[in-house]
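First up is the structure itself, then whatever we jot down about it.
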Amino acid sequence: MDRYPHKSIEAKWKAAWEREGLMTVDLNSSGEKYYCLMMYPYPSGDLHVGHGRNYVIGDALARYKLMEGCSVLAPMGWDAFGLPAENAALAYNIHPAVWTAENIKKMKEQFFEWGVLYDWDREITSCDPMYYRWTQWIFLQLYKSGLAYRKAASVNWCPSCKTVVANEQVIAGACERCGATIAERFLEQWFFKITAFADPLLDDLGQLEDWPERVIAMQRNWIDRSEGQEILFAIDDINKSVACFTTRPDTIFGATFLVLSLDHPYVPQLIEGTEMESQIREFIEREKALKLSGRALTEPSKEGVFTGRYAINPLNEAEIPIYIAPYVLMEYGTGAIMGVPGHDQRDFDFAKTHGLDIREVIQPIEGKSPFPDAAFEGKGIMVDSGSYSGLTSEEGFDKIAEYLESRSQGKRTIHYRLRDWLISRQRYWGAPIPMIHCGNCGIVPVPEEDLPVLLPEDVDFRPKGEGKSPLARNEDFVAVPCPSCGKRAMRDTDTMDTFVDSSWYYLRYLSPNDTEKPFDKALVDTWLPVDQYVGGVEHAILHLMYSRFITKFLQSKGYLSFSEPFRRLFTQGMITKDGVKMSKSKGNTVSPGSIIESMGADTMRLYILFCGPPERDSEWKDDSVEGCSRFLNRVYRLFEKHRDVLISTGEETIDVETLNDNEKKLFRKTHWTIVRVIDDINDNFHFNTAISAIMELSNEMGAFSDKEKIEPGLRSASVLLFAFDSLVRLLAPMTPHLCEEFWERMGHETSVFRSPLPAANPEYAKGEMITLVIQVNSRIRAREEIPIDLGEEEVRKKALENVRIRELMAGKEPKKVIVVQNKLVNIVM
RNA sequence: GCGAGAGUGGCGGAAUUGGCAGACGCGCUGGAUUUAGGAUCCAGUGAGGAACACUCGUGGGGGUUCGAAUCCCCCCUCUCGCACCA
């Protein structure tokens, strides 16, 4: 048997949808609004089937929502700035803008091939001045609010990409993008003060009920709020006090030493003139070098050096030695800690290494303390703590805070792991930072009316690695009159992290061509938050945190009326091949082209949706793709066989009472399938089980077709038509071309996507007989067909009367009989 | 180490208010049709077993229950994220 003519069918409908503008939304329509957003991709060129999953899920969802009657907004755009364009440009001697444009063209063609539809009237491209003009505008708003600031900071420098990267882009000491070991550099950089929103970013996670638990957990861990106290320890020798942050002030009587980080500002003064000065300096230099090499990031070390100085514990006036050690980080808290070896394992290890005093000042309320073999890190009862002994950790926390605050020796504070977002990049292919450095006036923002600051096209963008952007070598770009005093000044030559571009793009889709403002408040307030956001979990922290931050910022300035951009988030799993992620470098990619050529885009889509639950990783199997193709061909043959009766008149009604057994069976199966499919899709997009339900229906139809005589005018024809009509509509979001073709051949003049989903009567879905399972002592001993919803007494009677069961009971009385309606009877002997 | 998720046939995976384990698909076995088929159709397919009897079976070990893939406790393995965060 030949395969159905997928090529002609698919070409026909792709063209028809484009002509009709199926996904073109009317923003003012009255229907229920549904903003269905895919994470916009980096235009890297060819997409393999692994990439396809995201778009196929999104497209099936958008089409499904259309059929639900929603006004669906499904836009697409391009995250088009970024390093790969520069790398490709260097490799192939082609301008990044040209390379990017070519890739965008290729990818649009691929979407078209897959039958993945978007409202292309709303297309946006982040490297388009029309777009990045407003990215720069957002920068200026942040600057005006004091939330974009410049700081000389120790930053993460990627020696391979020759740029600074954000903390979030450093994975275990390596560059997220290229894997090179990150080095530390001290440079002037622009930061966004995301920490100003730390609490709302944390607290509002609670509102995001439809986000995957793990994404919420990752964000929570990333922000990591710690409540504690900053306690001042006096250092008499230098007449200063050093602040130590701790979450456990209740352990302060166990503080037997104090540790400063290598970069702590007091270090030079502390060691100056001491006999160990040169030794200590050497130690610090050595440890810093180790840190740069990345070693310290993988091997926790308890190295440290005694300064010869002492600090005073403000609670018990004890003199405790001051150490300098790399395990205390300057970037967190105050860069100094009180060492409590009895109750912090790291301090314990440090004390053991250096022979320091270890004291027990907290005992567990229940259970046994690991002390003195290890630190007891739990809370409990304070002991050996002067007048505080006997208090719980919680009581001690408050009492000590009150005492210290009354003497100005400490205060309650909150610290976060979250750091400010470093957004400067010393790269060419990004949105220029709209700031000007004037010798007279200092740093001056570019006036809003002068935006965009255009990225010059003619630039030698080969990175030289001197820590400056390629733009710095372009005299025409750099030289600019100061907007404030008019004197000769210099443009900032860094560009923005591409995550700035993507932190607001979902707002721009509503008015992509607006030249007056970045987005239209009325429209975004109507259409946002995004109803469903779909993308990869790799953006769980970076993109999603930044977008939430920018949304909260814009809301705080009155530009938006909502505080969270994405109501629901769905993160699809990867498609793996041979157990690993598909990637060009591993050579295990599957190209959609040949599948579409031989079996059609519908088959590819069907398999992508069928291969497993969409939130989990799924393995690609070529053989199983074949199975999906077979299924579609079976449906097609069934249609061909009965096409004379599969014409909708719009008048069909079916009276269940008049149906014969086969007809009833198919009729009920159809209702059951409708319920199943709609439930499965609504339940976290479980297209895989929805499709298997549709396959069951198709099997049932095949059996029906073999058993019953089906001719025009017969009841059997109406039942089959009802089944087929339902199947076509349920399957349409997944295999749109073929279903659209069926729909037309069934006599419809408008698109199947303009017609509603089939409606089920749950009563009919139930069936009238069930198989009762009869157990004796929890083992299945018999089955019996009985009418559904039979009363408990009757069910019990049926079970006990069963021949096989009576045999097994051998005339004895059961101890107990458990009846579960419509399921089973368990006879306990 | 901390956090999240997962572990079910030869394979992808179904089944979760506790109630027929293995839906659906792949693969495999047998058959039909066919010049032929890697097309199509039918039947079978967790293991043991002659069996439609029966026994065993959802990573391992305990427990709760008439009944556990599902709930509780302990352990093992894998994936992902974070990782000297005071």
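Any value given below was found using the heavy atoms of this structure, including those in side chains, with hydrogens, waters and symmetry copies removed.
A:His264 meets the ring pair (Phe, Tyr, Trp, His ring centres under 6.0 Å) test with A:Tyr266; sequence neighbours excluded. Remark: A:Tyr607 engages A:Trp620 in a ring pair (Phe, Tyr, Trp, His ring centres under 6.0 Å) (not counting sequence neighbours). Shown here are the side chain to side chain contact (heavy atoms under 4.5 Å, CB included) partners of A:Arg783, two or more places apart in sequence or in another chain: A:Thr771, A:Val773, A:Ile780. Applying the ring pair (Phe, Tyr, Trp, His ring centres under 6.0 Å) criterion to A:His671, with sequence neighbours excluded, gives A:Phe667, A:Phe722, A:Tyr764. A search for ring pair (Phe, Tyr, Trp, His ring centres under 6.0 Å) contacts involving A:Phe253 returns A:Tyr388, not counting sequence neighbours. Take A:Met218 and apply the side chain to side chain contact (heavy atoms under 4.5 Å, CB included) test, not counting sequence neighbours, and it matches A:Ala540, A:Ile541.
When the P atom is used for both B:rC28 and B:rC11, the distance is 15 Å, rounded to whole Å. Here, B:rA68 and B:rG63 have their P atoms 12 Å apart, quoted to the whole Å. Distance noted for atom P between B:rG60 and B:rG38: 39 Å (whole Å). Straight-line distance between the P atoms of B:rC24 and B:rU70: roughly 24 Å, to the nearest whole Å. Comparing the C1' positions of B:rC52 and B:rG62 gives a spacing of 36 Å, expressed to the nearest Å. Rounded to the nearest Å, the gap between the P atom of B:rC74 and that of B:rA4 is 15 Å. The P atoms of B:rG5 and B:rA86 are separated by 23 Å, rounded to the nearest whole Å. With C1' as the reference atom, B:rG18 and B:rU65 are 9 Å apart, rounded to whole Å.
Rounded to an integer number of Å, the gap from A:Arg634 CZ to B:rC26 C1' is 12 Å. Rounded to whole Å, the distance from CG on A:Asp617 to C1' on B:rC80 is 9 Å. Regarding A:Phe257, its CZ atom lies at a distance of 11 Å from the C1' atom of B:rA86, rounded to whole Å.
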So which protein nitrogen or oxygen atoms get under 3.5 Å of nucleotides 46-48 of chain B's nitrogens or oxygens?
none

All N/O contacts under 3.5 Å from nucleotides 67-70 of chain B to the protein, with atom names and distances to one decimal?
{"unit_1": "B:rG67", "atom_1": "O4'", "unit_2": "A:Ser778", "atom_2": "OG", "d": "3.1"}

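The residue A:Tyr416 sits apart from the nucleic acid: no heavy atom pair falls under 4.0 Å. Across all strands shown, A:Ile818 has heavy atoms under 4.0 Å from base atoms, whether or not it also approaches the sugar-phosphate. Note on A:Pro212: nothing from the nucleic acid sits closer than 4.0 angstrom, heavy atoms only. At the heavy-atom level, A:Arg630 lies under 4.0 Å from the strands shown only through sugar-phosphate atoms. Here A:Val828 lies in heavy-atom contact (under 4.0 Å) with sugar-phosphate atoms only.
Contact check, A:Arg779 against B:rC56: a side-chain N or O comes under 4.0 Å of OP1 or OP2. Side-chain N/O atoms of A:Arg616 include none lying less than 4.0 angstrom from OP1 or OP2 on B:rG12. Between B:rC54 and A:Arg781, a contact under 4.0 Å exists linking OP1 or OP2 to a side-chain N or O. The shortest distance between the side-chain N/O atoms of A:Lys621 and the OP1/OP2 oxygens of B:rC11 is not below 4.0 Å. Under 4.0 angstrom from either OP1 or OP2 of B:rC54 there lies at least one side-chain N or O belonging to A:Arg804.
Counting only Watson-Crick and G-U wobble pairs whose two distances sit under 3.5 Å, RNA chain B takes part in these stems of three or more pairs: B:1-7 with B:76-82, B:10-12 with B:24-26, B:27-32 with B:40-45, B:46-48 with B:54-56, B:59-63 with B:71-75.
Listed in residue order, the members of residues 681-691 of chain A having a heavy atom less than 4.0 Å from RNA chain B are A:Asn688, A:Thr689. Remark: A:Glu696, A:Asn699 in residues 696-708 of chain A come within less than 4.0 Å of RNA chain B through at least one heavy atom.
A:Thr413 pairs with exactly one of A:Glu230, A:Gln229, A:Glu227 by the side chain to side chain contact (heavy atoms under 4.5 Å, CB included) rule, that one being A:Glu230.
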Could you pull out every donor-acceptor pair under 3.5 Å between side chains of residues 691-698 of chain A and any protein atom, sequence neighbours left out?
{"unit_1": "A:Ser692", "atom_1": "OG", "unit_2": "A:Thr689", "atom_2": "O", "d": "3.0"}
{"unit_1": "A:Glu696", "atom_1": "OE1", "unit_2": "A:Lys669", "atom_2": "NZ", "d": "2.8"}

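For the pair A:Val328 and A:Phe350, the minimum side-chain heavy-atom distance is 4.5 Å or more. Between A:His6 and A:Asp602, the closest side-chain pair of non-hydrogen atoms is not below 4.5 Å.
Ion pairing between a basic and an acidic side chain is recognised when a charged N comes within 4.0 Å of a carboxylate O; A:Arg637 and A:Glu640 show no such pairing.
Glycosidic conformation of B:rG9 is syn; the angle stays within 90° of 0.
Judged by distance alone with a 3.5 Å cut-off, no donor-acceptor contact links the side chain of A:Lys823 to the base of B:rC20.
Using bins of under 30°, 30° to 60° and over 60° for the plane-to-plane angle, the ring pair A:His415/A:Tyr332 lands in the tilted bin.
Atom NZ of A:Lys641 has more than 12 neighbouring heavy atoms from other residues, nucleotides or ligands inside a 6.0 Å radius. Counting non-hydrogen atoms of other residues, nucleotides and ligands closer than 6.0 Å to CZ of A:Arg568 gives a total above 12.
When distances run from any side-chain atom of A:Pro613 to the nucleotides B:rA86, B:rA14, B:rG81, the shortest one goes to B:rA14.
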